[in-house]
Amino acid sequence: MSKVKEKNLQLVNDYFDKLSLEPSLSEEEFKGLLEKDFWQLSNDFQLAREKVTVENQEEVYEIKNSNLDFSLAVAKSLADFYKQYCNWFISINRQSPSRILDIGCDNGVLTCFYAYIYPEAEVIGVDKSEAGIQCAKQLAMKLGLTNIDFQQADFHKLNEIFPFEYFDFVISVRTLHEVMRSIPVPIYWSYEDVLNNRPLHMDTYYMKVIERLITKDGEYFSTERLENPAAVGQWAKLLKDADLQLDWSTTNFINFHENGKPNKMPVIVANKKESKFSIIDGLKYLYTRDQNLMLKEHTSFKSVAAEVVFNDISSKNIEIGYFLTLNHEWYKMRFEIWKTEEYFLIYGSGNMGYRQLEIMPVDDYVKAKNKLEKLIERYKTQSEVERYSNIKERDLIEKNLI
Ligand SMILES: C[S@@+](CC[C@H](N)C(=O)[O-])C[C@H]1O[C@@H](n2cnc3c(N)ncnc32)[C@H](O)[C@@H]1O
């Protein structure tokens with residue numbers, strides 16, 4: 001490991017040690033920890049969470065941030081996320097910014113991290129929750145940070161409070177979905193189709209508020225649960241409409257666990273410079289940059305890599321397909337065998353983003369069929385299955401005309 005990497009890791013570890021913020025490893029452990037030390041508050045918090053809607057989210061934050069100790073105890077379920085996020089943030093090695101704004105700072109765990117690693121910068125955290133702001137102020141005091149300030153403010157007032165082009169970094173982590181009330185998750189068979197043909201169901205206004213706050217050479221760091229590549233593409237489209245371009249080479253994913261459950265989130269960086277990538281090329285690059293996409297017998301691809309490789313093969317014919325409608329969900333899936341001169345392509349795709357491509361030798365149809373059966377197996381019992389042998393039939397099944 002390089003010296004810089006080692007130093008960065010140490011800095012992040014030291015910060016989390018100072019907070020005593022260790023991740024909880026299971027749902028039971030997390031609940032147990034809260035109940036042991038904060039019995040009443042943890043009950044109130046649980047009740048508030050059960051009846052939460054987009055309209056009354058404030059109550060959950062008010063209870064969670066009743067005091068800093070309880071707020072940090074609740075943060076244990078996300079401690080691994082915070083740590084992996086901070087590891088990524090420090091790894092991108094940006095020169096010291098002058099001003100940083102953290103929108104939706106809550107109890108300040110991340111805002112204080114920015115102030116900790118950039119002691120020369122002026123860091124401001126804003127949140128609409130007064131309780132969150134109080135906790136954040138206490139946390140900054142506990143950590144002895146003097147380059148940080150917190151203000152209660154609604155997102156919609158930010159352009160009135162701060163001058164235009166004031167911040168080198170504007171950051172929002174898991175906040176915009178609340179500000180915007182939700183971020184749509186596209187249902188899709190092809191992300192190219194989503195990006196080329198579907199209207200954007202999000203308002204550019206939100207990104208424009210952010211764009212105005214950033215200096216000419218500044219950057220916007222956004223982290224949201226964007227569930228599939230089409231959602232990431234739509235986010236890039238939203239940014240572009242507000243004159244912010246994705247920096248595809250810095251944008252990445254972080255892997256973490258939430259109470260022991262594995263999870264993954266994109267960490268997106270945008271700026272005001274010209275981008276050399278179209279959004280479609282950017283997505284391809286983001287999702288396949290570490291992979292070898294060469295066609296070879298007995299190789300397999302997943303996610304965007306599977307979709308890209310499959311689409312790039314121009315000369316192919318469908319042999320057989322199965323359309324699965326899952327009983328208890330809106331999920332629909334297709335499992336198909338396609339034939340090229342050299343290969344059988346076994347392609348599984350779902351309208352929620354699932355993609356799987358297996359490359360098999362063209363001389364053994366039985367083996368290809370077995371592979372197809374294997375892919376279908378785990379979904380078959382919970383689905384209605386319909387068979388087709390060409391795209392026209394598939395379209396009719398999909399439109400429910402057969
Ligand atoms: C899920 S929390 C994320 C907090 C923190 N960034 C983190 O990752 O732990 C979302 C935060 O956004 C704040 N928030 C929601 N809507 C807001 C708005 N319109 N203006 C300012 N803050 C808002 C909430 O109060 C809450 O603290």
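Note that the numbering runs from 1 along the sequence shown for the chain. Indexing begins at 1, ligand by ligand and atom by atom, following the structure's order.
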Is [X] in polar range of ligand 1, meaning some N or O pair under 3.5 Å apart?
X      : value
Ile103 : no
Gly104 : yes
Phe155 : yes
His156 : no
Tyr82  : yes

Q. Does even one non-hydrogen atom of Ser172 get within less than 4.0 Å of ligand 1?
A. no

Among all the protein's non-hydrogen atoms, which is closest to [atom], and how far away is it?
atom                    : answer
atom 23 (C) of ligand 1 : Lys128 CG, 3.7 Å
atom 15 (C) of ligand 1 : Glu178 OE1, 3.4 Å
atom 27 (O) of ligand 1 : Asp127 OD2, 2.6 Å
atom 19 (N) of ligand 1 : Asp154 OD1, 3.3 Å
atom 1 (C) of ligand 1  : Tyr61 OH, 3.1 Å
atom 8 (O) of ligand 1  : Arg174 NE, 3.1 Å

Cut-off 3.5 Å, side chains only: do [X] and [Y] have a donor facing an acceptor?
X      : Y      : result
Asn263 : Glu258 : yes
Ser172 : Tyr220 : yes
Glu178 : Tyr61  : yes

Q. What are the atoms of ligand 1, with element, lying closer than 4.0 Å to any heavy atom of Val179?
A. 16 (N), 17 (C), 18 (C), 19 (N)

Q: Side-chain contact test, heavy atoms from C-beta onward, threshold under 4.5 Å: evaluate it for Glu384 versus Leu324 and give yes or no.
A: no

Q) What pair of heavy atoms forms the shortest contact from Glu120 to Ser96, and how long is it? A) CB-OG, 4.1 Å

Does [X] qualify as a cation-pi partner of [Y], given the criterion of NZ or CZ under 6.0 Å from the six-membered ring centre and within 45 degrees of its axis?
X      : Y      : result
Lys316 : Phe310 : yes
Arg99  : Tyr166 : yes
Lys137 : Phe150 : no

Q: Provide the full list of ring-ring contact (aromatic ring centres under 6.0 Å, His included) pairs with a residue in residues 180-199, sequence neighbours left out, each pair given once.
A: none

(Q) With a heavy-atom distance limit of 4.0 Å, tell me whether Ala75 approaches ligand 1 through its side chain, its backbone, both, or neither. (A) neither

